[in-house]
Amino acid sequence: MDNLTIGILSFPVLLALIFLRVPIGLAMLTCGIGGMWLVLGRWTPILAQLKQLPYDTFSSYSLSIVPLFLLMGQFATRGGLSTALFRAAESWIGHRKGGVAMAAVGACAGFGAICGSSLATAATMGQVALPELKRCGYSDALATGCLAAGGTLGILIPPSIVLVIYAILAEQNIAKLFVAAFIPGILAALGYMAAIAIYVRLRPGSAGAREPSPMAERWQALVAVWPVLLIFVVVIGGIYAGIFTPTEAAAIGAAGTGLVALANGGLDWQGLKEAILATATSTAMIFLIVLGAAVYNSFLGFSRLPQETAGWVTVQGFSPWAVLALILLCYLVFGCIMDSLSMILLTIPIFFPVVAALDFGIGAEETALWFGIVVLVTVEVGLITPPVGMNLFVVNSMADGAPMQATWRGVLPFVATDLARIVLLTAFPAISLVAVRALF
Amino acid sequence: MYDATGAVLHRLSRLLALAGGLVLVALIALTATSIAGRGLIAFGLDAVPGDFELVEAGAAFAVFSFMPWCQLNRGHMTVDIFAGLFGRRLNAAIDLASALLLTAVTGLLAWRHMLGMLDRRAYEEVSFILQLPLWWFYAASLAGLVLFVATSLFSVWQAARALPAAFGAAR
């Protein structure tokens, strides 16, 4: 068996392990270690590599941004910033038709600006907005659907942990990727609001009415969100202006949200312990997958599968757009059963060289940035596609008595706007690139 | 015996995770100080020397220390949608096999990491700026890996205990 065959055959083995409920990171580690042994014919190289690979991976300066961003999100949750955002959005647009649901989406977008994780955004905003949506007579389907979808804004709007991982894998500038993600993130929020507006007109019974808030209250609520704006500007602006590295920015952001939480009384010793333990679980989950992918991808590199695939696709003379469409379709299908981070870690080392070798009429760097955004948007759909979209479970578990089927039904209009947005962003790279071109 | 072991492991993992988290908080303070110092160069201050390598070492310690806690809480990402097709016996058997695999791999990682630590010590490798011995950092991280092996072994025990019930019920 030649090395290429071993590389190809490792996929079904890996998938079989994953479908047998072996933790994804462990499955990748197993296949990577086993595959390395098959390709190189002895144990010595992989055993030597394992002496330092885990430490080198976990001590990578660019990856240390991940636990810091996660801790920042935890502090933001405890600081009452989610409540402030929702109150402000609700007081301005809550009285419109479907307005409370739109306010929930808007608040998710705001929270996404200081939180890099979708699950945390969905969980935090769910806690704040679900009781209010229920009180105002919104149906379970609409309430849970809009929050599950809104949660994905946590990762679409920078800072974003998935983008950080993509930047490392594709060796791209994180600041440029964050800037590129900004307009697509806003588009996502607007798309979700449009979906709500259409939904409540087609099903008038799904949303109740709410009294408009007095002007004084609106301004007061808006002023209360200044910490969010300040933290966002310092973190993203600081990275963009080169004042500090992305990792330093994450530390400053965590310090900022931590101080807000401290001031609001959400961060006593008990609160700090809970924030740390929640951060610990998500950090360890991500890094086991990162380590598994590091070993597995190093094996794939030895099997020469990524290089051969890229070469083969180029020689075939396929249309670049057809190849891209096929890749995105893969992400949509696998997104129904796998999480976004595992997919990116598994596939970018293979797909990125393929896409980089194709000509889309824009430069190599712009192709890389644009591909990153399109992939990000596509894999995030997986978080809200039934039956196993994680956000659906998170939000549904917080809504007392809402049947899972209602959430599945309620999220469909949002999935539809996601698909429309993928087509839009793919067909017009300029949407993702215009901000980068203007600012860099 | 089983419950007592579980309680001890739970306590240790929680303590180690909290230690890792406190290190993260310390890194945040360190980075903030460093940036402030860098901004005040005009006043004779400067960045904290070696801040980058301290962040790297601290983050590595935190990540290794988080592993056992995550595993004990079944926090590692799995794909569960096919579990319903397998039936109770097969699922119990898969759980055991998966726990054994986890123990084998974490055992391998801990063993190799320890040898890596001994290498660093033998070659007297030091960090770039602060000249701290690298094997110190490896040693700190080893705690997380050793406890990870222990919680993996415990999950084997857990899965083995669940086997008779799964097979008995199906009979």
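Below, chains carry the letters A, B, ... as their sequence lines are ordered, and counting in each starts from 1.
Heavy-atom pairs under 4.5 Å with chain B peak, among A/K273, A/M390, A/Q49, at A/K273. Considering only heavy-atom pairs separated by less than 4.5 Å from chain A, the leading option among B/D95, B/T78, B/V63 is B/V63. Among A/L53, A/V22, A/L291, A/L288, the residue making the largest number of heavy-atom pairs under 4.5 Å with chain B is A/L288. Counting heavy-atom pairs closer than 4.5 Å to chain A, the top residue among B/L90, B/N91, B/L30 is B/N91. Ranked by heavy-atom pairs shorter than 4.5 Å toward chain A, the options B/V25, B/L101, B/L108 are led by B/L101.
Heavy atoms closer than 4.5 Å to chain B are found in both the backbone and the side chain of A/L20. For A/I286, no part lies near chain B; criterion is any non-hydrogen pair under 4.5 Å. Proximity to chain A (any heavy atom under 4.5 Å) is shown, for B/A62, by neither the backbone nor the side chain. Contacts of A/L71 with chain B are made by side-chain atoms alone, with heavy-atom separations under 4.5 Å and no backbone atom involved. Heavy atoms closer than 4.5 Å to chain B are found in both the backbone and the side chain of A/L50. With a 4.5 angstrom heavy-atom cutoff, A/I243 touches chain B only via backbone atoms. Contacts between A/L47 and chain B at a heavy-atom distance below 4.5 Å involve backbone atoms as well as side-chain atoms.
The local environment of CH2 in B/W157 is crowded, with over 12 non-hydrogen atoms from other residues, nucleotides or ligands closer than 6.0 Å. In this structure, B/Q131 places its CD atom where more than 12 heavy-atom neighbours from other residues, nucleotides or ligands lie under 6.0 Å away.
Within the model, atoms CH2 of B/W69 and CD1 of A/I276 stand 12.0 Å from one another, a figure rounded to the nearest 0.5 Å. Taking CD of B/Q71 as the start and CG of A/L26 as the end, the distance is 9.5 Å to the nearest 0.5 Å.
Across every non-hydrogen atom of B/H76 and A/P23, the tightest pair is CB-CB, 4.0 Å. The minimum heavy-atom distance linking B/S98 with A/R21 is given by the pair OG-O, 4.3 Å. Scanning all heavy atoms of the two residues, the minimum distance from A/T281 to B/G75 falls at CG2-CA, 4.1 Å.
Within residues 39-52 of chain B, the residues approaching chain A closer than 4.5 Å by heavy atoms are, in numerical order, B/D51, B/F52. Contacts between residues 331-341 of chain A and chain B, counted as heavy-atom pairs separated by less than 4.5 Å, involve A/I337, A/M338, A/D339.
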Contacts table for residues 2-24 of chain B: side-chain donor-acceptor under 3.5 angstrom, sequence neighbours left out:
from  : atom 1 : to   : atom 2 : distance (Å)
B/T5  : OG1    : B/M1 : O      : 2.6
B/S13 : OG     : B/L9 : O      : 2.7

Only pairs under 3.5 Å count here: list side-chain donor-acceptor contacts from residues 247-263 of chain A, not counting sequence neighbours, and write none if there are none.
from   : atom 1 : to     : atom 2 : distance (Å)
A/T247 : OG1    : A/Y61  : O      : 3.1
A/E248 : OE1    : A/T245 : N      : 3.1
A/E248 : OE1    : B/R38  : NH1    : 3.4
A/E248 : OE1    : B/R38  : NH2    : 3.2
A/E248 : OE2    : B/R38  : NH1    : 2.9
A/T257 : OG1    : A/M72  : O      : 3.2
A/T257 : OG1    : A/G253 : O      : 3.2
A/T257 : OG1    : A/A254 : O      : 3.2

Q.
Does A/Y55 form a side-chain contact (heavy atoms from CB on, under 4.5 Å) with B/M117? I'd like the steps, not just the answer.
A. CA-CA 10 Å; A/Y55 185 83; B/M117 176 185 87; over 6 Å; no
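Side chains of A/S59 and B/F137 form no contact here, defined as non-hydrogen atoms less than 4.5 Å apart.
For an aromatic pair to be called close, the ring centres must be under 6.0 Å apart, and A/F58 with B/F64 satisfies this.
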